[in-house]
Structure formats: C-alpha cells, structure tokens
**Student:** 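After the structure tokens below, expect a handful of questions from me.
Note: hydrogens, waters and symmetry copies are ignored here, and every other heavy atom, side chains too, is used. Throughout, a chain's letter reflects where its sequence line sits, starting with A, and its residues are numbered from 1. Keep in mind the model is a prediction, meaning the values are calculated, not measured.
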Amino acid sequence: MSSMLSDLNPEQLEAVTLPHQSALVLAGAGSGKTRVLTTRIAHLIQSGQASPHGVLAVTFTNKAAKEMLVRISSMLPINTRGMWIGTFHGLCNRLLRAHYHDAGLPQAFQILDSADQLALIKRILKGLGADEEKFAPRQVQWFINNAKEEGMRAAEVEAYDDFTRKMVEFYLPYEQQCNKEGVADFAELLLRSYELLVRNEIIREHYRSRFIHILVDEFQDTSRLQYKWLRLLAGSRTAVFAVGDDDQSIYAFRGANTGNMKEFERDFHISKIIKLEQNYRSHGNILSAANTLIRNNSGRLGKNLWTSEGHGELIRVYNALTDLDEAAFVVEEVKSLHSEGIALSQIALLYRSNAQSRVLEHALFNAALAYRVYGGMRFFERQEIKHALAYLRLIANPNDDGALLRIVNFPARGIGTRSLEQIQDDASRQGASLWSAMLERCGRLAPPPANTLPGASSGAGRTTSEQTKKGVGGFIALIEFMRHGCEKLPLPEVVEHVVEHSGLAAHYRAEREGADRLENLNELVNAAASFVHEAEDGSLAAFLSHASLEAGEHQAGEGRDALQLMTVHSAKGLEFHSVFLSGLEEGLFPHDNSRNETGGLEEERRLMYVAVTRARRRLYLSFSQSRMLHGQTRYNIPSRFLQEIPENLLKWLKPQQKGSTRSAEAWNSPFDRSPGQMAGSMQGTAPAATQNATSSRWRIGQNVIHPKFGAGVILSCEGRGADARVEVRFNRAGTKWLLLEYAKLTPA
DNA sequence: TGTTGCGCAGTTTTT
DNA sequence: CTGCGCAACA
C-alpha cells in the first residue's frame with residue numbers, strides 16, 4: 001500500500017485518502033487526475049473501506065473507462081470484471097439489461113446510435129408525410145434528444161408555440177415506434193434508467209445501499225440528467241467523489257453543464273474543494289501559454305497550473321500560405337522530429353474539425369509516414385459492419401424494423417420498394433412490426449422449410465407479385481435459417497455464420513472494391529472473439545450493445561508506431577511529446593458556428609486550452625491564409641487565440657520564401673497588436689514596406705476607402721486580373737464583394 | 001427491379 | 001469536395 005501512495009504529492013494524497021465523505025477535486029490538466037481516481041479506488045479496496053462490489057466509477061469515454069480498469073488491475077490483484085466502471089451510457093445499459101422487465105423493455109432491446117436514430121426519424125417523417133424541407137430530420141433529432149435530456153416524454157412537453165407543437169407531433173410517434181421495436185437511443189438509456197430508479201424503490205434502495213462509493217471522472221462534462229441520475233443513485237451513506245476541471249469543459253454543446261459543479265457543492269455539502277494544480281506534463285512555456293489563454297474566460301472556479309520543470313522550448317508558430325503549405329510544413333517537421341528519435345506515436349496532429357484531416361492525411365501518405373486517424377469513420381459505423389450487425393439484430397429481435405429495412409434487400413434479393421410499401425402498409429394497419437407483417441403475408445404461401453437455403457439471386461422473367469412472394473419468403477427463410485443455425489454456436493461463430501450465409505461475404509467478394517470490406521467483416525468476427533474473451537456477458541445482445549456504445553474503440557492495425565491524428569475533442573485526456581495544432585484561423589478555431597451560441601466563444605477557448613495542454617515538450621501552432629473548404633477557397637485571418645498567447649512565449653518560424661512579408665500582413669488589422677509586440681517575431685520585416693506593383697496592392701486586413709460606402713477593411717481576396725475581387729467589411733455599409741476593376745478603392 | 005447520373009446540402013465537437 | 005436522395009433509364 002505504501003508504494004501505491006508514496007509518490008503522491010500532498011494534495012493528491014489528501015484526495016486519495018480522504019475519509020468517507022463526498023468531495024470535489026478540481027484537477028487541472030496533467031495534474032494526475034486519473035491517477036488520483038484510480039489510486040483512490042485501489043486504496044479504498046485495499047484498506048478494506050470498500051469492496052469491489054460497492055464501488056461505482058463513471059467516466060466519460062470508453063477509453064477512460066478502459067484505462068481506469070487497467071490501472072486498477074495493475075495495482076490490485078483482483079478481478080475488475082464485476083466492477084461497475086464505465087461510461088454513463090454503459091452503466092445505464094447495464095442497469096437496464098439487469099432490470100429490463102421493470103424498465104419496460106424487451107430482454108433483447110437494441111441500442112440505436114445517432115445514425116440509426118436519424119434513420120428512424122426520417123422513416124417517421126416520411127410516414128407522416130411531413131415536409132422534410134421544413135422540418136429537417138436533424139432538427140427533430142435534436143429536439144427529441146433535448147427533451148429527453150430535460151427528462152420529458154413526448155406527452156409531457158409543454159408546447160406553447162407552433163414549432164414545439166410540430167416537434168411533439170413527431171416525438172410522439174417516435175416514442176411509440178421505439179417501444180414497439182424494442183430499441184433505445186442514447187438519451188433513452190439515461191432517461192429510462194433514471195425513471196427506473198425514480199419509480200422503483202426496491203431497485204433504487206438496493207443500489208443505494210450497495211454503492212458506498214461513487215466516483216465521477218470529468219465531472220464538468222456531466223449533463224443535468226446525468227447529475228440527477230447520480231444524485232438519485234447516491235444514498236445517505238454514499239460518498240460521491242467528483243473530479244473535474246471547469247476549464248476543460250468542452251461538451252456544453254451536447255448538454256454538459258458546468259453548473260453541476262456548484263450544485264454538487266451545495267447538494268452534497270462539500271466543505272472543501274481540493275485543488276490539484278501541479279502539472280507533471282508540460283514545460284513552463286506551454287503552461288504559461290495555457291494559463292494566459294484561459295484567463296480570458298469569465299466565471300472560472302479559479303486555478304493556476306504550475307510546474308517544477310523549466311521553461312522548456314518556445315512555442316513554434318507557422319504562418320502558411322495555403323492549407324497545402326501548412327500540411328507540407330507539418331510533414332517536414334514531423335520528419336525531423338522523427339529523425340531526432342521521437343516516436344511517431346508521441347506526435348499528435350490536432351485539428352478543430354474532422355474535415356481538416358484530409359489535407360494532412362494526403363501529405364502524410366505521400367511522404368510515406370505512418371499515421372492513424374482517430375474519430376471520423378469508426379469501425380462499427382462502416383456500412384458493411386452495419387449491415388452485418390443488422391442481420392444479427394434482426395435475429396436477436398425480429399421487431400427491429402430499422403435493422404430489417406437495412407438488409408431486407410441487401411444483398412439484392414428482389415424485394416423492391418413496391419413490395420416493401422405493401423408490407424409497410426400491412427404493418428401499420430396491424431400495428432405490428434414489419435417482420436410479422438411479412439410472416440402474415442407469406443403465411444399462406446408455405447415458405448420453404450427452415451433448413452433449406454434459398455437460392456442466392458433470382459433470375460428475371462417473373463411477374464412482380466410472384467417475385468415479391470419468392471423474395472419475401474426467401475428472406476424469411478434465410479433469417480430463420482440463420483437464427484436456428486446460430487442457436488448453439490458461440491458468438492464469434494454466430495457472426496461468422498451470419499456474414500457467410502447472409503450473402504454479404506459473397507456480395508463483397510464479387511465486388512471489385514470489396515476487399516477492404518471483406519477484411520472488415522473478418523475483423524468483426526475477431527472483434528466478437530475478443531469481446532467474448534473480455535466481457536462477462538458474452539451474449540449476442542451484449543455484443544450488439546457494445547457495438548453501439550463503443551463505435552470507435554475497435555480499430556484495425558493497432559500497435560504499430562504511427563502519428564496520431566485527431567480532433568481536439570478526442571485528444572482530451574491524452575498527452576504527447578509533441579503536438580501540432582493546425583488551422584488556427586477565425587471561423588475554424590474558434591469555429592463560426594460557435595459565434596451565435598451563448599458562451600460559444602468561451603467553450604472554444606477551453607477547447608484551445610485543452611489542445612495546448614496536450615503537449616509535454618514541444619508545441620506547434622499553425623494557421624493558413626487560405627484554405628479549401630466545401631470545395632472552394634476561403635481566406636481566413638489568424639485565430640484570436642493565437643493573439644492571446646504572450647509574444648515572448650512564441651517563436652515564429654520562417655515563413656515560406658525569403659523576402660515575403662505576408663506573414664506580417666495578416667496581423668496589421670483587424671487586430672490592434674502593437675508594433676512593439678511584433679518586433680523580434682517577424683525578423684524585422686516592416687509590414688507594407690515592400691508593397692510594389694508585383695504583389696497585389698490589396699491584402700487581407702487592409703483598411704480601404706470606397707467613394708460610396710466609406711471606410712472599411714478587406715476580409716478576403718479572390719481571383720486575378722479582371723476577375724480579382726475583394727470582400728470588404730464597411731464600417732457603415734456592411735460586408736460586400738467588390739470587383740477591383742470597377743470599384744474605386746483607395747488604401748486608407 | 002436495379003443502375004446510373006444529376007442536383008443538392010452540409011460539417012464542430014461524441015455517447 | 002463528398003455523400004445522399006431522387007429522377008430517369010436498361
């Protein structure tokens with residue numbers, strides 16, 4: 001035990017050994033947060049204050065949960081399998097599986113991921129004949145999820161305006177359909193298990209007396225409903241140990257509520273907040289940058305990171321001409337870092353949005369550098385995987401209409417939109433699932449015996465209805481054949497069986513570009529095998545939940561040394577020797593969409609704070625003057641966040657070609673950085689001094705006068721010669737595009 | 001019935 | 001630029 005606690009600092013030690021009481025730990029980036037959490041759990045168990053059975057720990061990502069389990073098992077010789085450690089969604093799922101009956105769910109209920117949910121909403125909108133133009137499916141999805149987050153069922157939403165009334169009209173049938181199919185979306189997992197605990201005193205008291213210790217990681221990211229769930233689960237004897245960092249709250253957009261921290265203080269009578277401010281990760285300059293940056297936010301709980309290490313290197317800044325130039329710069333720097341002996345896996349390329357990875361990937365590919373992209377296309381979200389899972393889902397739960405629709409005619413088996421429409425009509429008339437409507441329709445047709453496989457694809461030349469019957473009958477036979485075939489098989493073989501007999505394998509074998517997909521299907525069998533190996537419940541239903549809840553975790557090609565590419569969001573909780581943060585431009589980071597949201601800018605700044613604090617030793621910041629976005633070139637000005645970092649922490653890398661002053665130009669305006677601040681960083685080039693006929697007279701940030709519109713500033717430039725035009729924001733006349741050939745602009 | 005081509009919209013972040 | 005949905009073909 002002593003070795004476990006011996007190298008903790010006093011604050012960490014206090015947090016780890018805190019007596020049985022609720023506590024709030026404010027843990028800065030890199031301050032050993034996870035370590036404190038896991039060591040506390042180990043300590044509680046080892047000192048006999050709690051049994052593994054009596055501890056519940058909740059994290060925000062699957063990665064964090066896994067990490068926690070690994071660390072605990074390295075400290076204690078216990079089986080962590082039975083411990084309740086996981087994400088909110090994962091734990092709620094577990095609760096609902098255990099009490100599915102009391103929760104009003106079928107035993108084999110399935111989980112809809114966002115895409116499944118959206119598909120279901122589209123189906124419902126279509127069924128209602130709703131105007132998709134007017135009511136975007138995404139908007140409906142947003143509304144439903146928000147309502148659930150507020151704890152409201154469709155019948156409970158108070159609609160005072162037309163829009164809300166309309167939304168409720170969609171929410172109601174959506175709710176019904178989910179119940180009928182036996183499926184639950186992400187928000188449903190939370191809401192339903194919350195309701196279960198509210199309504200069922202026996203179950204509630206059972207868990208209340210069982211979980212003596214509840215530990216919450218990333219507490220700043222909890223939503224209102226999650227907090228209510230926690231409060232409900234915590235009994236009078238339960239100590240809730242919450243660890244969080246308000247400065248790293250980056251999920252407000254999906255309902256995270258930092259206010260929970262203050263409420264927690266009140267509700268749980270927290271007398272003292274423990275602050276972990278010593279950072280063990282980054283060198284001084286990086287920390288200073290992060291500290292200064294975040295100080296621009298208001299309403300912080302207050303916390304300043306410090307380190308006992310030296311200043312370290314300056315933060316390197318690169319001003320690129322184009323996004324391609326920026327990518328080339330990154331590649332060159334990565335190469336030289338790598339040749340200095342830094343492992344590729346210790347270098348991260350971070351960006352604000354997934355779309356930005358493209359250019360980087362392209363450059364890395366050409367340079368033959370190994371890289372790995374996190375996020376983006378996830379394994380369990382690939383279409384071939386979704387197809388295979390849909391077969392499995394239908395086998396587990398025939399009422400899953402969404403699954404049925406996905407694969408009823410894939411691979412093609414002659415069930416077209418016509419026959420489907422009939423079946424859908426039947427189903428809605430009978431109030432039954434598509435599957436039972438199909439059975440009904442073919443019941444008189446004497447479907448082939450279940451142990452005969454239907455022919456793969458039918459020839460042409462039959463009448464439509466004949467073909468429909470054949471197709472539908474064949475489909476039913478196929479599903480039942482597979483269901484019977486799978487009854488006695490272990491999970492991996494079930495998956496293999498389905499991949500093979502569904503016709504998916506044959507389909508992708510025949511397809512020219514199908515090799516990757518086939519490989520992924522194989523990988524799915526492997527995923528099932530390792531799932532059975534690791535999970536305590538190796539059932540098909542459990543595997544399917546796993547697939548929905550951990551869409552991202554499974555990746556092929558793990559383990560080889562590769563660069564790490566990811567969004568800033570997914571980098572939270574990680575650290576790297578070197579970090580490249582690219583695309584530091586207004587509009588991208590902070591993102592345009594954040595401007596209208598209240599608190600949007602501050603959330604972006606926290607995101608920036610998270611990004612900066614990922615770096616241990618070296619940090620690169622880069623921005624580009626132009627960038628391809630949505631198929632056209634955009635001209636951006638550097639991010640305000642760059643300006644918020646003190647100049648003396650920065651080292652400006654040489655811009656592209658000698659003699660160019662472009663890097664300085666962008667700074668002239670609209671920022672009012674004084675020339676003094678710029679001295680030293682620009683190798684002394686005087687802005688606007690080298691203007692001549694060859695370089696354009698007009699540049700971004702240039703102040704101009706227009707005879708009619710008055711004074712303004714150039715936001716962007718485009719085109720050459722006769723086509724050349726500029727976008728100008730006038731002080732009084734708004735923003736306009738002007739053709740240089742005609743507009744009589746004069747420099748101000 | 002399946003395939004192809006066109007037009008259109010979209011992307012912030014994740015369980 | 002891409003992926004999707006919808007409209008005309010084979």
Side-chain angles (χ1 to χ4, degrees), chain A residues 58-65 86-93 111-119 122 126 132-133 136-138 145 148-149 184-190 218 221-223 225-226 249-256 350-359 362 374-378 380-381 383 409-420 457-464 467-468 471 545-553 566-572 583 587-597 600 603-604 606-607 610-611 627-633:
Chain A
V58 56
T59 64
F60 237 79
T61 64
N62 297 302
K63 214 190 291 181
T87 62
F88 276 102
H89 297 270
L91 295 175
C92 286
N93 179 47
I111 300 169
L112 301 183
D113 66 20
S114 314
D116 297 331
Q117 183 188 33
L118 192 63
K122 282 183 182 169
K126 218 167 242 165
E132 278 204 25
E133 301 291 307
R138 282 192 178 281
N145 289 339
K148 290 192 180 187
E149 176 55 42
D185 58 51
F186 286 139
E188 184 70 26
L189 293 176
L190 290 166
E218 309 278 16
D221 285 336
T222 51
S223 70
L225 183 56
Q226 285 162 344
S249 161
I250 54 175
Y251 287 110
F253 72 94
R254 68 166 191 211
L350 307 183
Y351 33 80
R352 177 63 178 82
S353 60
N354 278 311
Q356 289 168 251
S357 74
R358 217 178 192 82
V359 189
H362 188 77
Y374 291 78
M377 184 64 91
R378 301 143 127 78
F380 286 108
E381 285 170 3
Q383 64 144 317
N409 202 31
F410 191 93
R413 52 175 70 84
I415 304 176
T417 40
R418 245 199 110 71
S419 12
L420 263 181
S457 63
S458 47
R462 275 178 234 135
T463 74
T464 310
Q467 198 173 341
T468 298
S545 324
H546 167 83
S548 299
L549 290 171
E550 294 192 35
E553 292 315 299
M566 65 191 84
T567 63
V568 180
H569 278 90
S570 37
K572 189 163 81 150
L588 261 182
F589 199 176
H591 196 278
D592 264 335
N593 296 11
S594 70
R595 287 150 67 116
N596 300 328
E597 290 156 33
E603 174 141 318
E604 294 287 308
R606 290 192 294 270
L607 200 49
V610 168
R627 182 177 297 276
M628 266 302 234
L629 204 65
H630 298 331
Q632 61 177 346
T633 311

**Student:** Can you measure A/Asp185 atom CG to B/dT14 atom C1' for me and round it to whole angstrom units?
**Tutor:** 14 Å

**Student:** Identify which nucleotide among B/dT15, B/dT14, B/dT11 has an atom closest to any side-chain atom of A/Arg138, counting heavy atoms from C-beta outward.
**Tutor:** B/dT11

**Student:** For the pair A/Phe60 and A/Tyr251, name the ring-plane relationship: parallel under 30°, tilted 30 to 60°, perpendicular over 60°.
**Tutor:** parallel

**Student:** Could you give the distance separating B/dT13 and C/dC4 at their C1' atoms, to the nearest angstrom?
**Tutor:**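 It works out to 22 Å between them.
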
**Student:** For A/Gln226 and A/Asp221, test the side chains for any donor-to-acceptor distance below 3.5 angstrom and give the result as yes or no.
**Tutor:**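 On atom types as modelled, these side chains do not qualify, holding no pair under 3.5 Å.
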
**Student:** Find the distance A/Leu588:CG to B/dT13:P and express it as a whole number of Å.
**Tutor:** 12 Å

**Student:** Rounded to the nearest angstrom, tell me the gap between atom CG in A/Asn145 and atom C1' in B/dT14.
**Tutor:**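 Taking atom C1' of B/dT14 as the reference, CG of A/Asn145 is at 12 Å.
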
**Student:** Just how far, in rounded Å, is C1' of B/dT15 from NE2 of A/His546?
**Tutor:** 14 Å

**Student:** Taking side chain to side chain donor-acceptor pair (under 3.5 Å) as the definition, give me every residue that meets it alongside A/Glu603, ordered by chain and number, with sequence neighbours left out.
**Tutor:** A/Arg606

**Student:** Would you indicate, yes or no, if B/dT11 has its OP1 or OP2 atom less than 4.0 angstrom from a side-chain nitrogen or oxygen of A/Thr567?
**Tutor:** no

**Student:** Under 5.5 Å between ring centres and under 30° between planes: true for A/Phe253 and the base of B/dT13?
**Tutor:** yes

**Student:** Report yes or no: does A/Ser548 contribute a side-chain atom to a donor-acceptor pair with the main-chain N or O of A/Ile111 at less than 3.5 Å?
**Tutor:** yes

**Student:** Kindly compute the distance separating NZ (A/Lys63) from OG (A/Ser570), expressed to the nearest 0.5 Å.
**Tutor:**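 Reported to 0.5 Å precision, the distance equals 6.5 Å.
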
**Student:** Rounded to whole angstroms, how far apart are CG on A/Asp221 and C1' on B/dT13?
**Tutor:** 12 Å

**Student:** Among the candidates C/dT2, B/dT14, B/dT15, find the nucleotide nearest to the side-chain atoms of A/Phe186.
**Tutor:**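 Among C/dT2, B/dT14, B/dT15, the one nearest the side chain of A/Phe186 is B/dT15.
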
**Student:** I need the CG-C1' distance between A/Asp592 and B/dG10, as an integer number of Å.
**Tutor:**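 Going from CG in A/Asp592 over to C1' in B/dG10 covers 14 Å.
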
**Student:** How many Å lie between OH on A/Tyr374 and P on B/dT13, as a whole number?
**Tutor:**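 That distance rounds to 18 Å.
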
**Student:** State which of B/dT14, B/dT15, C/dG5 makes the closest approach to the side chain of A/Ser114.
**Tutor:**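 Output: B/dT15.
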
**Student:** Under 4.0 angstrom, heavy atoms only, what part of the nucleic acid is A/Phe60 near: base, sugar-phosphate, or nothing?
**Tutor:** sugar-phosphate

**Student:** Between A/Asn409 and A/Glu603, who's closer to the 5' end of DNA chain B by nearest nucleotide?
**Tutor:** A/Asn409

**Student:** Under 4.0 angstrom, heavy atoms only, what part of the nucleic acid is A/Phe589 near: base, sugar-phosphate, or nothing?
**Tutor:**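 Answer is nothing: A/Phe589 stays at 4.0 Å or more from every strand.
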
**Student:** Could you give the NZ-to-C1' distance, from A/Lys122 to C/dC6, as a whole number of Å?
**Tutor:**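 One finds 13 Å between C1' of C/dC6 and NZ of A/Lys122, rounded.
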
**Student:** Side chain of A/Thr61 only, heavy atoms from C-beta on: which candidate in B/dT15, C/dG5, C/dT2 is closest?
**Tutor:**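 Minimum distance to the A/Thr61 side chain belongs to B/dT15.
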
**Student:** Nearest to the side chain of A/Arg358, which nucleotide is it out of B/dT11, C/dT2, B/dT14?
**Tutor:** C/dT2

**Student:** Considering only B/dT13, B/dT15, B/dT11, which nucleotide approaches the side chain of A/His591 most closely?
**Tutor:**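 Looking only at side-chain atoms, A/His591 lies closest to B/dT11.
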
